[in-house]
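Structure, as structure tokens:
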Amino acid sequence: MTEDARNVVIIGTGPAGYTAAIYAARANLKPVVFAGAQPGGQLTITTEVENFPGFPHGVMGPELMEKFREQAVRFGTEIHYETVNSVELTKSRPFTVQSSDRSMKASTVIIATGASARLLGLPREAEFMGRGLSACATCDGFFFRGKEIIVVGGGDSAMEEANFLTRFASKVTLVHRREEFRASKIMLDRARSNPKISFVLNREPIAYEGQPDAGGFTGLKVRNTKTGQFEVIESQGCFLAIGHVPNTALLNGQLPLDSKGYLVTVPGSSNTSIPGVFACGDVQDSYYRQAVTAAGSGCMAAIDAERFLESEGH
């Protein structure tokens with residue numbers, strides 16, 4: 001390994017990336033973190049986090065991530081607020097990490113790039129984004145004060161966003177394509193008990209109604225999955241809460257993915273198919289996808305990286 005190679009380069013932040021940095025820094029590995037386009041990850045666009053240990057009264061997502069960042073920096077983590085454009089993992093070692101501003105050699109790489117909100121892929125979706133259509137309630141909820149809006153989804157995220165949006169909206173209609181929900185019972189019960197939330201089930205979104213540049217969003221056209229009939233649910237805004245897509249594009253096929261597009265790691269570890277490359281957090285976890293499990297996997301990745309470096313005599 002060349003002398004100019006950094007011991008550990010971490011791509012991404014959030015609970016996984018920051019925890020990996022904390023552990024690697026405490027092991028005196030002097031980790032480098034590329035924070036990416038959304039430093040702190042998905043928790044920076046989350047409202048109150050009620051289930052992270054150590055915060056009995058809850059904590060706001062951005063505040064929690066700032067505490068993670070401060071702790072990582074305290075132990076000597078070097079953070080670059082840049083997006084990694086490409087990595088070279090297969091041709092030679094040390095690995096090469098290329099950001100928008102620099103190229104860096106790395107003895108080990110920890111991938112903690114997380115996941116991004118999934119969209120419906122309907123016509124004019126990009127045109128409506130920011131003009132009545134959103135995938136982030138905490139970012140855009142304020143703009144819908146006193147309005148009637150739609151939330152699409154059936155998981156915990158949909159229930160959380162629907163509840164949050166009732167702080168602003170006069171009415172929230174939750175649209176779901178089935179009668180069954182992926183959401184946990186406590187989250188579903190909380191949404192059902194909210195008088196501002198109504199449920200429209202067995203409806204598949206087909207099209208966005210309105211004009212993005214003139215009048216904005218006016219409704220969501222849906223198909224009844226039982227009868228096949230079409231209808232338009234009128235509203236002044238629509239929020240998508242239908243899951244996430246792992247951020248693996250920068251890897252350019254160098255690592256295997258599972259059937260859902262998540263990075264494959266060796267069971268019980270953060271090891272990928274390439275020695276010295278590790279993955280943690282939501283980019284490799286399609287099942288739990290919790291802040292606390294992401295943090296735990298970040299700890300695993302740092303320890304795995306440290307032991308790998310020791311095995312290499314570094």
Under 4.5 Å between side-chain heavy atoms, counting indirect links through other Ile/Leu/Val/Met/Phe/Trp/Tyr residues: same cluster for V172 and L188 or not?
yes
Are I111 and Y287 connected in a single hydrophobic cluster, I mean Ile/Leu/Val/Met/Phe/Trp/Tyr linked by side-chain heavy atoms less than 4.5 Å apart?
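As far as the 4.5 Å side-chain criterion goes, I111 and Y287 are not connected within one cluster.
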Against K196, only a single residue in N163, T173, T166 fulfils side-chain contact (heavy atoms from CB on, under 4.5 Å); can you say which?
T166
Out of the candidates V32, V33, V73, only one should pair with E78 under the side-chain contact (heavy atoms from CB on, under 4.5 Å) rule; please name it.
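With E78 as partner, side-chain contact (heavy atoms from CB on, under 4.5 Å) holds for just one option, V32.
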Closest heavy-atom contact between [X] and [Y]?
X	Y	result
T225	R177	OG1-O, 3.6 Å
A135	E161	O-OE2, 4.2 Å
M104	H80	CE-NE2, 4.1 Å
Q290	T293	O-OG1, 2.9 Å
F199	A191	CZ-CB, 4.0 Å
A16	C280	CB-SG, 3.8 Å

Run through the side-chain heavy atoms of Ile, Leu, Val, Met, Phe, Trp and Tyr, join any pair under 4.5 Å, and report what else lands in I233's cluster.
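Under the 4.5 Å side-chain rule, I233 groups with L119, L120, L122, F128, M129, L133, I150, V152, V175, V200, Y208, F217, L220, V222, L240, I242.
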Cluster companions of V232 among Ile, Leu, Val, Met, Phe, Trp, Tyr (side-chain spacing under 4.5 Å):
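Direct or chained contacts put V232 with none.
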Side-chain heavy-atom pair [X], [Y] within 4.5 angstrom cut-off:
X	Y	answer
L64	F68	yes
T248	L255	no
S297	D285	no
F144	L165	no
F55	K67	yes

May I have the list of side-chain donor-acceptor pairs in residues 18-29 shorter than 3.5 Å, sequence neighbours left out?
residue: T19; atom: OG1; partner: P15; partner atom: O; Å: 2.6
residue: N28; atom: OD1; partner: K30; partner atom: NZ; Å: 3.3

With a 6.0 Å cut-off (strictly less than), is the heavy-atom count around [atom1] of [X], excluding the residue itself, greater than 12?
X	atom1	result
K221	NZ	no
E234	CD	no
Y81	OH	yes

Under the salt bridge (charged side-chain N to carboxylate O under 4.0 Å, His left out) test, residues paired with R102 that sit two or more places apart:
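R102 satisfies salt bridge (charged side-chain N to carboxylate O under 4.0 Å, His left out) with E82 once adjacent residues are dropped.
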R203 side-chain N/O to L201 backbone N/O, donor-acceptor pair under 3.5 Å:
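Looks like yes, one N/O pair under 3.5 Å.
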Sequence neighbours excluded, the answer for side chain to side chain contact (heavy atoms under 4.5 Å, CB included) partners of T227 is N224, Q229
So, F164 versus F239, ring centres under 6.0 angstrom or not?
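No, ring centres 6.0 Å or more apart.
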Please tell me whether H176 and F181 form a close aromatic pair, meaning their ring centres lie under 6.0 Å apart.
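That pair passes the under 6.0 Å test.
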Side chain to side chain donor-acceptor pair (under 3.5 Å) partners for S269, two or more places apart:
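Partners of S269 under the side chain to side chain donor-acceptor pair (under 3.5 Å) test: N271.
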How far apart are the C-alpha atoms of R223 and E204, what are their side-chain angles, what is the distance that settles it, and do they pass the salt bridge (charged side-chain N to carboxylate O under 4.0 Å, His left out) test?
CA-CA 5 Å; R223 181 182 68 86; E204 178 186 7; 2.8 Å; yes
Tell me, with the steps shown, if R69 and E66 meet salt bridge (charged side-chain N to carboxylate O under 4.0 Å, His left out).
CA-CA 5 Å; R69 188 197 67 80; E66 177 59 21; 2.8 Å; yes
Going by atom types only, do K105 and T96 share a side-chain donor-acceptor pair under 3.5 Å?
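Yes, T96 and K105 have a side-chain donor paired with an acceptor closer than 3.5 Å.
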Quiz question: by atom type and distance under 3.5 Å, do the side chains of Q98 and S103 form a donor-acceptor pair?
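Per modelled atom types, Q98 and S103 side chains form a pair under 3.5 Å.
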